[in-house]
Amino acid sequence: MTKGLERLNALPDEDARSAMLSCCGSTRWAEALTGARPFANEDELLETADRAWQGLAREDWLEAFRSHPKIGERKAARGTGDEASRWSREEQRGAAEAEAATLERLARLNRVYEERFGHIFIVCATGRTAAEMLSALEARLANDAGEELKVAAREQQRITRLRLKKLLESLG
């Protein structure tokens with residue numbers, strides 16, 4: 001067991017819940033993970049996180065989505081702490097380095113997406129350029145609402161897994 005996982009397992013419930021919320025903004029998900037401790041290893045943590053995410057309702061997913069800033073923006077509709085904000089900035093580094101025209105198109109299509117689907121565009125931005133994120137946004141606008149919610153939820157799950165690993169590193 002890693003030092004980070006040992007520390008996560010030992011955190012008081014409120015601190016663990018806060019740490020989990022920095023990884024995924026769903027209150028029910030964070031409570032489920034907090035209550036599932038202790039984890040024997042990282043794989044168990046990630047598998048439990050996946051099962052908890054997949055067992056949530058649409059409203060729980062939407063709550064998690066609101067904890068992310070829109071691609072190209074800095075502030076989320078629902079804050080989940082300084083660490084989550086810092087991780088979002090790192091994850092969206094590709095958008096921060098984009099040309100003005102690309103950022104303008106991202107902002108415009110973000111608005112179109114949100115009007116169409118009722119939630120912000122969620123994409124695992126880590127390692128992606130602004131052009132790649134824009135391309136994904138354009139392609140996903142063709143989805144129907146039900147399919148798009150599932151795609152967004154899978155992207156959130158990918159983000160959560162990456163953030164759980166970052167959390168363990170920061171605690172280690």
Side-chain angles (χ1 to χ4, degrees), residues 4 18-30 33 42 45-46 49-50 52-54 56-172:
S18 179
M20 296 301 182
L21 281 170
S22 70
C23 298
C24 176
S26 165
T27 304
R28 284 188 52 208
W29 179 89
L33 267 283
E42 184 177 315
L45 168 64
L46 295 174
D50 288 346
W53 178 251
Q54 292 161 3
L56 294 176
R58 178 182 188 275
E59 285 306 313
D60 299 310
W61 288 353
L62 296 177
E63 179 188 20
F65 298 169
R66 287 189 296 272
S67 70
H68 293 277
K70 295 175 186 174
I71 296 294
E73 295 184 7
R74 292 183 180 251
K75 190 164 171 59
R78 179 177 171 270
T80 53
D82 293 340
E83 194 157 45
S85 295
R86 182 174 50 80
W87 288 339
S88 287
R89 283 191 304 276
E90 290 171 5
E91 291 159 359
Q92 291 194 33
R93 189 174 307 132
E97 299 168 354
E99 295 179 10
T102 301
L103 289 175
E104 288 171 18
R105 184 151 173 81
L106 269 170
R108 185 174 63 73
L109 290 180
N110 268 326
R111 288 189 298 274
V112 169
Y113 180 98
E114 194 166 0
E115 288 170 11
R116 177 172 169 148
F117 298 115
H119 57 83
I120 70 164
F121 173 67
I122 297 293
V123 66
C124 185
T126 301
R128 288 187 171 183
T129 66
E132 290 169 330
M133 289 182 267
L134 179 57
S135 178
L137 175 53
E138 290 168 337
R140 286 172 51 188
L141 280 168
N143 290 341
D144 66 48
E147 177 59 26
E148 183 50 32
L149 181 63
K150 291 175 190 172
V151 172
R154 283 192 302 270
E155 291 294 309
Q156 173 65 55
Q157 188 173 2
R158 291 178 61 207
I159 294 164
T160 300
R161 289 177 68 89
L162 290 171
R163 288 185 175 189
L164 283 167
K165 291 176 183 181
K166 289 177 186 179
L167 175 63
L168 294 179
E169 289 174 14
S170 73
L171 291 171

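Computed from a predicted model, the values in this text were never measured in an experiment.
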side-chain contact (heavy atoms from CB on, under 4.5 Å) evaluation trace for V123 with L137: CA-CA 8 Å; V123 66; L137 175 53; over 6 Å; no
For R66 and I120: C-alpha separation, side-chain torsions, deciding distance, then whether side-chain contact (heavy atoms from CB on, under 4.5 Å) applies. CA-CA 7 Å; R66 287 189 296 272; I120 70 164; over 6 Å; no
side-chain contact (heavy atoms from CB on, under 4.5 Å) assessment of L62 paired with L149: CA-CA 9 Å; L62 296 177; L149 181 63; 4.3 Å; yes
Yes or no on side-chain contact (heavy atoms from CB on, under 4.5 Å) for T102 and T129, after CA distance, side-chain angles and deciding distance? CA-CA 10 Å; T102 301; T129 66; over 6 Å; no
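No side-chain heavy atom of D60 sits under 4.5 Å from any side-chain heavy atom of W53. Annotation: side chain of E42 is not in contact with side chain of L164 (no heavy-atom distance under 4.5 Å). Taking 4.5 Å as the limit, some side-chain heavy atom of I122 sits within range of a side-chain heavy atom of I159. Here the side chains of E147 and R140 are not in contact, with every heavy-atom distance at 4.5 Å or above. Counting heavy atoms from C-beta on, the side chains of R163 and C24 never come closer than 4.5 Å.
The list of ring pair (Phe, Tyr, Trp, His ring centres under 6.0 Å) pairs with a residue in residues 135-172, not counting sequence neighbours, is empty. Sorted by first and then second residue, the ring pair (Phe, Tyr, Trp, His ring centres under 6.0 Å) pairs with a member in residues 121-165 read Y113-F121; sequence neighbours excluded.
Side-chain contact, E63 with S67: no donor N or O sits under 3.5 Å from an acceptor N or O.
Here the straight-line distance linking atom NE2 of H68 with atom NE2 of H119 works out to 12.0 Å at 0.5 Å rounding. Note: R161 CZ to C23 SG = 12.5 Å, rounded to the nearest 0.5 Å. Atom CZ in R111 sits 8.0 Å away from atom CZ in R108 (nearest 0.5 Å). Interatomic distance, K166 NZ to L168 CG, rounded to the nearest 0.5 Å: 12.5 Å. Rounded to the nearest 0.5 angstrom, E59 CD and T27 OG1 are separated by 12.0 Å.
Considering only residues two or more places apart in sequence or on other chains, E114 meets the side-chain hydrogen bond (donor to acceptor under 3.5 Å, both in side chains) condition with K70. Residues forming a salt bridge (Lys or Arg N to Asp or Glu O under 4.0 Å) with E138 (at least two apart in sequence, or on another chain): R105. Qualifying side-chain hydrogen bond (donor to acceptor under 3.5 Å, both in side chains) partners for N143, counting only residues two or more places apart in sequence or in other chains: E148. Remark: R158 engages E155 in a salt bridge (Lys or Arg N to Asp or Glu O under 4.0 Å) (not counting sequence neighbours).
For the residue pair L56 and W61, the shortest heavy atom distance occurs at CB-NE1, 3.8 Å. Shown here for F65 and A153, the closest heavy-atom pair between the two residues is CZ-N, 3.8 Å. In terms of heavy-atom proximity, M133 sits nearest to L106 at C-CD2, 4.4 Å. The nearest pair of heavy atoms linking E132 to G127 is OE1-O, 3.9 Å. Closest approach of L162 and C124 over heavy atoms only: CD1-SG, 3.5 Å.
Panel note: side chain S135, backbone A131; no donor-acceptor pair is recorded below 3.5 Å.
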